[in-house]
Number of protein chains: 2
Amino acid sequence: MMHGQLKHHIEKLIPLADDEFAFIRSHFISQNFKKGDFLIQQGENVLYLYYVVSGLLKLSYNDESGKEYIVSFSMEDWWESDIQAYYRRTKATMSLQCIEDTDVLCITLEGYKKLCAGLQKMEHFFLEKSIGGHIASQQRILSFITSNATERYEQLLKRYPQLIQRVPKSLLASYLGVSRETLSRLSS
Amino acid sequence: MMHGQLKHHIEKLIPLADDEFAFIRSHFISQNFKKGDFLIQQGENVLYLYYVVSGLLKLSYNDESGKEYIVSFSMEDWWESDIQAYYRRTKATMSLQCIEDTDVLCITLEGYKKLCAGLQKMEHFFLEKSIGGHIASQQRILSFITSNATERYEQLLKRYPQLIQRVPKSLLASYLGVSRETLSRLSS
DNA sequence: TTCTGATTGTGATGTTTGTCACACGACATA
DNA sequence: TATGTCGTGTGACAAACATCACAATCAGAA
């Protein structure tokens, strides 16, 4: 049951009464996608913030020449969207696409605001999640400043060993900011 | 008056009644630092989240060999700390040091929690700030993935033109993840 | 002023990484 | 079976960048 997973996920940070979770649940809808499907298309409006129940997503930016750059991967229990476009109601600068078949729970910005207004705990929950995301981003930046391709790959292996099994190496290369050829030559 | 600046800063996002701001203000203390002083020392506890009233700070990481890597600069109206160490009560992995004489307002984690608990608006404010920080971090990551040193420098010039006037180029180079020699050769 | 330290520019050289090209195997489909 | 796509490895070469060395400039302190 999808919603049970969300309840368990939230309760890792804050305890919930049953009626509180019922209130939370009422703000989400569930959606299913197939490998290759787009949840967000670059240039379009972003309707939802997504909670990944199962599957795997990539958040990526495509430049004019068509090259793809991967900003992040999202696995089970991760929250994902084009944050800027979602919160600021602007057009998406990135796209969100399935690497595997994926089940998500989605919430609109309107729903998000109502949820936070109606249940202060959830504003606290989202703040905690946002802080965690901010910390992770800072460490990734530090990895770019301090390390070369080999070291960045080792750090990725150490931090997200599960990911390497599920993601094509060409996409890992894009995430690390190197060409797929360079990544291929690192193992040596 | 320092506190008037903080009030104005918060009111850019949320309106405040006078008694509400008095409540907010009571959670902060003010501190003054000279150029070169440390607000946070790598390896020590992080007591405060800082709001920069005036001056300029650098948040940086020093590796074993003593090389310095700059994670971010903080100017007027910016919030800064070793976020991970502050929120998770761990030892600082980075240091925070003055590039110029700097006045700040500080709040302890205990004070922060009391403030958010006592005034829901402030939890909302910090969530907005955190989202903004997260967006900025993502764009910096994207800059590392998609761009070479020249392009990253141009993006920095465009985004924070004020900064270039106030920060030594050797520090800008560290922020961009290139050697100072390479940065020096880019203008050509 | 004179000295010292901090900052920056620049040449020479080697390492790292990107780009282009091609080959190979896995897999799905007709 | 034949055919095409996708992911991956690898060689050859060029571009980007780091490192080391040295010189020049500037600001502040004695």
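Hydrogens, waters and symmetry mates play no part in the numbers below; they use all other heavy atoms, side chains included. Every chain is numbered from 1, with letters handed out A, B, ... down the list of sequences. Since the structure is predicted, the reported quantities are computational estimates derived from the model, not experimental observations.
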Donor-acceptor list for residues 43-50 of chain B side chains, cut-off 3.5 Å, not counting sequence neighbours:
unit_1: Asn45(B); atom_1: OD1; unit_2: Lys91(B); atom_2: NZ; d: 3.2
unit_1: Tyr50(B); atom_1: OH; unit_2: Leu39(B); atom_2: O; d: 3.2

Output all residues satisfying salt bridge (charged side-chain N to carboxylate O under 4.0 Å, His left out) with [X], sequence neighbours left out; order by chain, then residue number.
X         : answer
Glu151(B) : none
Lys34(B)  : Asp101(B)
Glu20(A)  : Lys121(A)

Report task. Would you list the pairs meeting ring-ring contact (aromatic ring centres under 6.0 Å, His included) in which at least one residue belongs to residues 156-176 of chain A, sequence neighbours left out? Result ->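 Residue pairs passing ring-ring contact (aromatic ring centres under 6.0 Å, His included), neighbours aside: Phe73(A)-Tyr175(A), Trp78(A)-Tyr160(A).
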Requested in this report: Have a look at the helix from dT1(C)-dA30(D) to dA30(C)-dT1(D) and give the angle its two end axes make, five pairs each, rounded to 10 degrees.
Outcome: 30°
**Report entry** Of residues 155-165 of chain B, the positions that come close to DNA chain D - non-hydrogen atoms, cut-off under 4.0 Å
**Finding:**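 Contacting residues: none.
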Query raised in the report: According to a strict under-4.0 Å criterion, is Ser170(B) in side-chain N/O contact with OP1 or OP2 of dT8(C)?
Result: yes
Query - Reported CG-to-CE distance for the pair Asn62(B) and Met94(B), which is rounded to 0.5 angstrom - result: 11.5 Å
Report task. Looking only at side-chain atoms of Pro168(A), point me to the closest of dT7(C), dG7(D), dG9(D). Result ->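 The nucleotide sitting nearest to the side chain is dG7(D).
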Query raised in the report: CD of Glu151(A) versus P of dT17(C): gap in Å, rounded?
Result: 9 Å
Report task. Round to the nearest Å and state the distance from Phe144(A) atom CZ to dT17(C) atom P. Result ->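 In whole Å, dT17(C) P lies 12 Å from Phe144(A) CZ.
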Report task. Identify which one of Tyr87(A), Trp79(A), Tyr51(A) satisfies the ring pair (Phe, Tyr, Trp, His ring centres under 6.0 Å) criterion when paired with Phe126(A). Result ->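 For Phe126(A), the ring pair (Phe, Tyr, Trp, His ring centres under 6.0 Å) check succeeds only for Trp79(A).
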Query - For Thr146(B), all residues meeting side chain to side chain donor-acceptor pair (under 3.5 Å), sequence neighbours excluded - result: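 With sequence neighbours excluded, Thr146(B) shows a side chain to side chain donor-acceptor pair (under 3.5 Å) to no residue whatsoever.
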Query raised in the report: When you look at CG of Asp19(B), are more than 12 heavy atoms from neighbouring residues, nucleotides or ligands closer to it than 6.0 Å?
Result: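 Counting neighbours around CG of Asp19(B), more than 12 heavy atoms of other residues, nucleotides or ligands fall under 6.0 Å, so yes.
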Report task. Mark yes when over 12 heavy atoms from residues, nucleotides or ligands other than Asp63(B) sit less than 6.0 Å from its CG; otherwise mark no. Result ->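 Check passes, neighbour count above 12.
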Query - Electrostatic pair Glu181(B):Lys169(B) at N-O distance under 4.0 angstrom - result: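 Result for this pair is no, no salt bridge flagged.
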Please write out the pairs of protein N or O atoms and N or O atoms of nucleotides 17-24 of chain D separated by less than 3.5 Å, giving the distance to one decimal.
unit_1: dC17(D); atom_1: OP1; unit_2: Ala149(B); atom_2: N; d: 2.9
unit_1: dA18(D); atom_1: OP1; unit_2: Ser179(B); atom_2: N; d: 3.3
unit_1: dA18(D); atom_1: OP2; unit_2: Ser179(B); atom_2: N; d: 3.2
unit_1: dA18(D); atom_1: OP2; unit_2: Ser179(B); atom_2: OG; d: 3.1
unit_1: dA18(D); atom_1: OP2; unit_2: Thr182(B); atom_2: OG1; d: 2.5
unit_1: dT19(D); atom_1: O4; unit_2: Arg185(B); atom_2: NH2; d: 3.0
unit_1: dC20(D); atom_1: N4; unit_2: Glu181(B); atom_2: OE2; d: 3.2

Query raised in the report: Can you name the side-chain contact (heavy atoms from CB on, under 4.5 Å) partners of Arg159(B), sequence neighbours left out?
Result: Ala136(B), Gln139(B)
Requested in this report: Only counting residues at least two apart or in another chain, list the ones meeting ring-ring contact (aromatic ring centres under 6.0 Å, His included) with Tyr69(A).
Outcome: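 By the ring-ring contact (aromatic ring centres under 6.0 Å, His included) rule, Tyr69(A) matches no residue at all.
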With 3.5 Å as the limit, what N/O pairs link the protein to nucleotides 26-30 of chain D?
none

